[in-house]
Amino acid sequence: ATPRVGLEKLARTVFDKHTSHLTAGKDYNPATSGAEWWTLVLDGTDDVGLHWDRDYALEGESGILVHPHLATVTYLTAVGGPTI
């Protein structure tokens with residue numbers, strides 16, 4: 001799909017960067033591959049806590065845990081917690 005907003009364009013650019021040396025259909029399945037983005041606004045007292053990204057819908061439907069093969073975190077401020 002064509003990116004509609006700046007954050008979608010950024011997510012697409014990151015995905016394209018990490019797949020540019022791969023052959024679609026051979027090295028990865030473009031029908032089941034892509035990028036996800038989301039935002040989180042916190043104040044000084046909020047705490048996200050340790051967690052693992054995964055497909056929560058698939059987990060809820062089947063109990064199968066699927067995690068991203070690659071993840072990146074971009075902070076748009078000078079404040080941000082550590083990422084493992």
Side-chain angles (χ1 to χ4, degrees):
T2 302
R4 299 169 293 167
V5 297
L7 289 175
E8 288 181 0
K9 186 175 180 179
L10 175 61
R12 179 59 182 260
T13 299
V14 170
F15 178 80
D16 289 346
K17 168 71 175 158
H18 289 285
T19 58
S20 63
H21 66 288
L22 303 175
T23 302
K26 178 183 174 200
D27 298 316
Y28 72 97
N29 182 345
T32 59
S33 301
E36 173 187 68
W37 68 272
W38 51 274
T39 62
L40 183 62
V41 178
L42 301 171
D43 66 33
T45 61
D46 291 331
D47 182 23
V48 175
L50 183 63
H51 69 282
W52 291 267
D53 291 335
R54 60 189 178 273
D55 185 332
Y56 294 101
L58 182 63
E59 179 184 5
E61 294 168 4
S62 65
I64 297 172
L65 299 177
V66 176
H67 303 278
H69 291 258
L70 174 73
T72 179
V73 176
T74 302
Y75 292 102
L76 302 178
T77 67
V79 179
T83 302
I84 301 173

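Worth knowing before you read on, the calculation uses all heavy atoms, side chains too, and leaves out hydrogens, waters and symmetry mates. This one's a predicted model, so the numbers in the text were calculated from it and none came from an experiment. Sequence positions, counted from 1, serve as the residue numbers for this chain.
Nearest approach of P30 to A24, heavy atoms of both residues: CG-CB, 4.0 Å. What you find for Y28 and S33 is that their closest heavy atoms are CD1-OG, 3.6 Å. For D46 against V41, the heavy-atom pair with the smallest separation is OD2-O, 4.3 Å.
The side chain to side chain contact (heavy atoms under 4.5 Å, CB included) check on A71 picks up nothing, with sequence neighbours excluded.
Here the CG atom belonging to L70 is positioned 10.0 Å from the OG1 atom belonging to T19, to the nearest 0.5 angstrom. The distance from atom OH of Y56 to atom CG of L65, rounded to the nearest 0.5 Å, is 10.0 Å.
The main-chain N or O of W52 is never found under 3.5 Å from a side-chain atom of H67 such that the two would form a donor-acceptor pair. Looking only at distances, no side-chain donor or acceptor of S62 sits under 3.5 Å from a matching main-chain atom of E59.
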Give the table of side-chain donor-acceptor pairs shorter than 3.5 Å for residues 3-10, with sequence neighbours excluded, one pair per line with atom names and distance.
{"residue": "R4", "atom": "NE", "partner": "E8", "partner atom": "OE1", "Å": "3.3"}
{"residue": "R4", "atom": "NE", "partner": "E8", "partner atom": "OE2", "Å": "3.4"}
{"residue": "R4", "atom": "NH2", "partner": "E8", "partner atom": "OE2", "Å": "2.7"}
{"residue": "E8", "atom": "OE1", "partner": "R4", "partner atom": "N", "Å": "2.7"}

